Amino acid sequence: MKLYLKFFAINLKSQMQYKATFLLNIFARVVMSFATVAGVWFMFMRFNEVEGFTLNQVLLCTAIIMMSFSLTEVFARGFDVFPRLLGNGQFDRFLVRPRNIIFQVLASQMEFARLGIFIQAAFVFIYAIPRSGVVWTRDKILTLFLMIICGSLVFFGLYLVYASFAFFTVEGLEFMNILIYGGREFGRYPFSIYGKGILKFLTYIVPLALFQYYPLLYLLDIKQNAFYMLLPPLSMLFLLPSYAFFRIGLRRYKSTGS
Amino acid sequence: MITLSNINKTFKVAKRQAGFGRAVKALFSREHELVRALTDVSFRIGDGEMVGYIGPNGAGKSTTIKIMCGILTPESGACEIDGRTPWKERVAHVREIGVVFGQRSQLWWDVPVVDSFELIRDIYKVDEKLYKRNLDELAALLDLGELMKTPARSLSLGQRMRCEIAASLLHSPKTLFLDEPTIGLDAVSKIAVRQFIKKLNAEHGTTVILTTHDMQDIEALTERILLIGKGRILLDGSLEELKKRSSERKTLVVEYKGAAPEICFGMAVREDKDGRLVISLDPSILSVSDAITSLAAGAEITDVSVSGVTAEEMVASLYKEYRI
């Protein structure tokens, strides 16, 4: 952990070398992600509700997915640019250092400019939380935190799978982008609006709905069963196969070197 | 102690074919071609040895280095470095080695070099006292001084290489792998790097394994050479032995005025142009001094130079001999 903080410091220092660029980058991210929010807004100018959800309820959902994804983008940047790490030999350097590989990939790159999306999400929360009609009990605040943190970890799991694919091929990585960026874009709305099939896929295969749709129902008092509160932590099970897959990819890399 | 025995490594290379139809087909099934990278590679390197690992591009040098560093796993064969198998005990093994990849940096680009050093210290958990001692010594020997306060991105290649080497030695490794450490450096930096490596080996007894295409590196640094070609170890011996083996001939360059000097037995003219004569000489037939005397007897000679076989020529002739 101490070492992670030192990496954190050196990453921050590197990016602070160009302060104006850094601040502009953050600003650009705030503006860009505003388009995401505006998209939801425009939709509700035509329709008053989507599948029974009001604008403010959907905005809550949007903010949750944006915030959790932005955390992943900031802290798991190394996996986002993983094919590049393999290509330029930086990954080989990790292999000759006496530390855990995943730790090194995480620590080597942090993209603080992506905090712009985090900031935008915070604005949306400020707007939507009082208007969403949720009665904020202690359990619900806890649920909200779990949704964001666990969501971020599930996205991290997707990044791990993406990186594992990169060990095998340079092609076909776009398929993973559908899940990762598609998950982010479609996740602005509760996943139920896309139909049963997709909801099932996002519940049992890639558990994005476990930290987004189901606990949202709990927040909105549509479901009152406390079990829905525990679904976000359950979604973290996704990390197990992701990790296993990464190990397989790593073993293959060590036997082919490319 | 480094021992490699019968290391074999084959790479599967996907065959790529032109044409859209074939590209689509390749998505589902791909034809593979097996390329033998290493065949029965065996050698043994004792503690404190300095070994030059040479061979043409694509001969398997990097693959061998990667196996010894624990980056690659071979198909068969054993590799033991200080009692450990690199790819089985990666973490324990890499603590004891330093690696310099000449073409890749391990320094953080945008921060002062000393910040990178401190992070490396923490990665390797180097004790503060030892770190200070190593850093002082490395800074003095490699003349780092002011460089350490500079971000890596604004260093010249030679300056950066000195910092890279220092970065690889902060944890006092027992073995140092240098993959083309002098590539792209100017003459002064090359000499500085060579002197440092020599000193490191002499004073700390660090085992050094060096790959290079620069034969002056080999000449200046290593006593022992391993030659690899097409994935096989072809030669293992001292530089002197190899030189003797490849050729005993010497080259004489003579500059003269007026009529060309007379050539006698044991000499072969390679070039004769504008008063400059290049002669290849076999010293077992005619000694160098006799050759010069006989040349000088018949013509006015303004300059003479004698040279043996350079390492460069020797290696070129070796490559030729083994057809690699």
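Just so we're on the same page: letters track the sequence lines, and every chain starts at 1. Any value given below was found using the heavy atoms of this structure, including those in side chains, with hydrogens, waters and symmetry copies removed. Remember, it's a predicted structure, so these values are computed and weren't measured experimentally.
Atom CG in B:Asp122 sits 11.0 Å away from atom CG in A:Leu5 (nearest 0.5 Å). Taken from CH2 in B:Trp109 to OG in A:Ser14, the straight-line distance is 12.0 Å, to the nearest 0.5 Å. Atoms CG and CZ, from A:Asn100 and B:Arg90 in turn, are 7.5 Å apart once rounded to the nearest 0.5 Å.
Counted within 6.0 Å of CZ on A:Phe186, heavy atoms from surrounding residues, nucleotides or ligands total 12 or fewer; the atom is thus considered open. Within a 6.0 Å sphere centred on CZ of A:Phe34, other residues, nucleotides and ligands contribute 12 heavy atoms or fewer. Counting heavy atoms of neighbouring residues, nucleotides and ligands inside a 6.0 Å radius, atom CZ of A:Phe123 does not exceed 12 of them. More than 12 heavy atoms of other residues, nucleotides or ligands shown are found within 6.0 angstrom of OH on A:Tyr181. Taking a 6.0 Å sphere around CZ of B:Arg153, one finds it holds more than 12 heavy atoms contributed by other residues, nucleotides or ligands. Open room surrounds CZ on B:Arg232; 12 or fewer heavy atoms of other groups in view lie less than 6.0 Å from it. Heavy atoms from other residues, nucleotides or ligands lying under 6.0 Å from CZ of A:Phe103 number more than 12.
Heavy-atom pairs under 4.5 Å with chain A peak, among B:Val91, B:Thr63, B:Ile97, at B:Val91. Annotation: maximal heavy-atom pairing with chain B below 4.5 Å, among A:Gln17, A:Gln104, A:Arg97, occurs at A:Arg97.
Under the 4.5 Å side-chain criterion, counting only non-hydrogen atoms from C-beta, B:Lys9 is in contact with A:Ser255. Contact check for A:Arg93 versus B:Val99: side-chain heavy atoms found under the 4.5 Å cut-off. Between A:Lys254 and B:Ile71 there is no side-chain heavy-atom pair separated by less than 4.5 Å. A heavy-atom distance below 4.5 Å is found between the side chains of B:Tyr124 and A:Pro98. Side chains of A:Tyr253 and B:Leu72 form no contact here, defined as non-hydrogen atoms less than 4.5 Å apart.
Contact of A:Asn11 with chain B is not made at all, since no heavy-atom distance falls under 4.5 Å. Of the two parts of A:Tyr18, only the side chain, counted from C-beta on, holds a non-hydrogen atom closer than 4.5 Å to a non-hydrogen atom of chain B. In this structure, chain A has a heavy atom under 4.5 Å from the side chain of B:Ile120, while its backbone stays farther away. For A:Ile101, the parts lying near chain B are the backbone and the side chain together; criterion is any non-hydrogen pair under 4.5 Å.
We find that A:Asp92 and B:Arg104 are joined by a salt bridge, their nearest charged nitrogen and carboxylate oxygen being less than 4.0 Å apart.
Of all non-hydrogen atoms in A:Lys6 and B:Leu119, the two that sit nearest each other are CB-CD1, 3.8 Å. Across all their heavy atoms, B:Ile123 and A:Leu3 have their closest contact at N-CD1, 3.9 Å.
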